[in-house]
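We use all heavy atoms of the structure for the numbers below, so side chains are in, but hydrogens, waters and symmetry mates are not. Below, chains carry the letters A, B, ... as their sequence lines are ordered, and counting in each starts from 1.
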2 protein chains.
Amino acid sequence: MTRLSTQERKEQIAIAILEIIGNEGLENLSMPALAKRLDIVPSALYRHFSSKEEMISAGLDLLRERIMGIFDQQESDSDDALEPLRRFLDLHRQFFHITTVFPRIAFSLADNETFDLRRQKMQRFHDTVLERISATLEKGRRNGQLRKNLDTSAAALSFWGILVSSTLRWFITGGDFDVEAYKKEAWDMFVRAVSI
Amino acid sequence: MTRLSTQERKEQIAIAILEIIGNEGLENLSMPALAKRLDIVPSALYRHFSSKEEMISAGLDLLRERIMGIFDQQESDSDDALEPLRRFLDLHRQFFHITTVFPRIAFSLADNETFDLRRQKMQRFHDTVLERISATLEKGRRNGQLRKNLDTSAAALSFWGILVSSTLRWFITGGDFDVEAYKKEAWDMFVRAVSI
DNA sequence: ACCTGAACACCGTTCAAGT
DNA sequence: ACCTGAACACCGTTCAAGT
């Protein structure tokens, strides 16, 4: 055990939360497992967060920052409005194990007070992502690259769905699935669906 | 408590498992909660199944039967090869709360022996669904309705992704999302993507 | 100010005993 | 043959005590 400042511990905990959920799933996220990874005792976690939910919440904040950071780097001056989305899809492989946290938590939700915090955080996160994608599509719609009657909100969710579907299949096959090949096909279908 | 034959109890348990997971999520599926619903004591469940995993597995078998049953009813003589898929998508609202079990379990999976049974069952299930969808698309490809170069496997996963994306958004918004409107848009995009 | 260790209620599972 | 009730190891959380 090494004594750390609350701020350092909180960060460390958020990072570990994402790693555990990403690699081992929500069901395997236990306070003993988390504490062991940081070389402290389970009850020590409660010095820094008031509950497991709060720790998950901190993990989601970190995830949002990371994902939005990647979106931010994809801004481009290209005439092709779809370019940032295609690049984001390409980069996805680099942060695949972190993004899996998103659907894992989304599909853990239920109409239950226990999940209120979790759900609110997810919604703000998802809204931010979808708005960013919609804005990109809107730009293409205005410059005539995409269909005039395109529902950019629905299209944004469909785009996000490419990542979700590929992760779903990856999980189900236990990793025996060519994610990149699928994303390529799905992207071609997406472009065909939204273009003029 | 009412004494039931093992066969009746097993069925009852599988049904209750789907209801609990569908409505309250995997995290809220506890043996006490399950037993209470059947008006027996938790340990009585182990007379009929050897573990919680086995019970989930029985739930998945039931889910597969139900979903494949619905697919079976959509066979049609129509010239339009996409017709069965469109009808399946329409019917989805009727069994929405049951289908949510599928992504819930899929995104609970991890590279871990604990999940081996769960994963195998999910894979067989998913393979069956995707093959059925692929076969439908293949028919349309042969009769010239769909693109010659269409990757029907990828397209099948994308079609399934429409259901998954809409469920994801439904969960995240806490039900404040027009699933039917989204499915309509996503279906139009899908048709555009696969058609000639 | 951060961490440990004992304690408690809850969950998955086992097993002996009831009918 | 099916169910109950006591028991055990494990998890989330609290709290008093250590440094």
**Message:** Both B/R3 and B/A44 contact DNA chain D. Which one's nearest nucleotide lies toward the 5' end?
**Reply:** B/R3

**Asked** Should we say atom CG of A/D79 is surrounded by more than 12 heavy atoms from elsewhere, each under 6.0 Å from it?
**Response** no

**Request:** Could you tell me whether A/D111 atom CG has more than 12 heavy atoms of other residues or ligands within 6.0 Å of it?
**Result:** no

Smallest separation among heavy atoms of [X] and [Y], with atom names:
X	Y	result
B/F115	A/N28	CE1-ND2, 3.3 Å
B/R147	A/M189	NH1-CG, 4.4 Å
B/Q73	B/R87	O-NH2, 3.8 Å
A/A110	B/N23	CB-O, 3.7 Å
A/Q123	B/T173	OE1-CA, 3.7 Å

**Message:** Between B/Y182 and A/S153, does the side chain to side chain donor-acceptor pair (under 3.5 Å) criterion hold? Intermediate values first, please.
**Reply:** CA-CA 9 Å; B/Y182 170 68; A/S153 297; over 6 Å; no

**Boundaries of the chain B footprint along DNA chain D (any atom under 4.0 Å from a heavy atom)** = D/dA1 to D/dG5

Review item, side-chain donor-acceptor pairs of residues 11-21 of chain A, under 3.5 Å, at least two apart:
unit_1: A/Q12; atom_1: OE1; unit_2: A/R9; atom_2: NH1; d: 2.5
unit_1: A/E19; atom_1: OE1; unit_2: A/R37; atom_2: NH1; d: 2.9

**Message:** Need one value for B/L4: base, sugar-phosphate or nothing, where a base atom within 4.0 Å counts as base even if backbone is also close, heavy atoms only.
**Reply:** sugar-phosphate

**Message:** Suppose we screen for side-chain contact (heavy atoms from CB on, under 4.5 Å). Which residues come up paired with A/T2, at least two apart in sequence or across chains?
**Reply:** none

**Asked** By a strict heavy-atom criterion of less than 4.0 Å, which residues belonging to residues 48-57 of chain B are in contact with DNA chain D?
**Response** B/H48

**Asked** Counting N and O atoms only, with roles assigned by atom type, does the side chain of B/K52 sit under 3.5 Å from a partner on the main chain of B/L29, one being a donor and the other an acceptor?
**Response** yes

**Request:** Any chance you could encode DNA chain C as dot-bracket? Rule is Watson-Crick or G-U wobble with both distances under 3.5 Å; [ ] for pairs crossing earlier ones, | for another strand.
**Result:** ||.|||||...|||||.||

**Message:** Can you list, in residue-number order, the parts of residues 20-33 of chain B that come under 4.0 Å of DNA chain C, counting heavy atoms only?
**Reply:** B/L29, B/S30, B/M31, B/P32

**Request:** Apply the test side chain to side chain donor-acceptor pair (under 3.5 Å) to residues B/N112 and B/T114: give CA-CA distance (whole Å), side-chain angles for both, the deciding distance (0.1 Å), then the verdict.
**Result:** CA-CA 5 Å; B/N112 187 315; B/T114 331; 2.4 Å; yes

**Request:** Going by the salt bridge (Lys or Arg N to Asp or Glu O under 4.0 Å) test, name the single residue among B/K121, B/R118, B/R119 that passes it with B/E53.
**Result:** B/R118

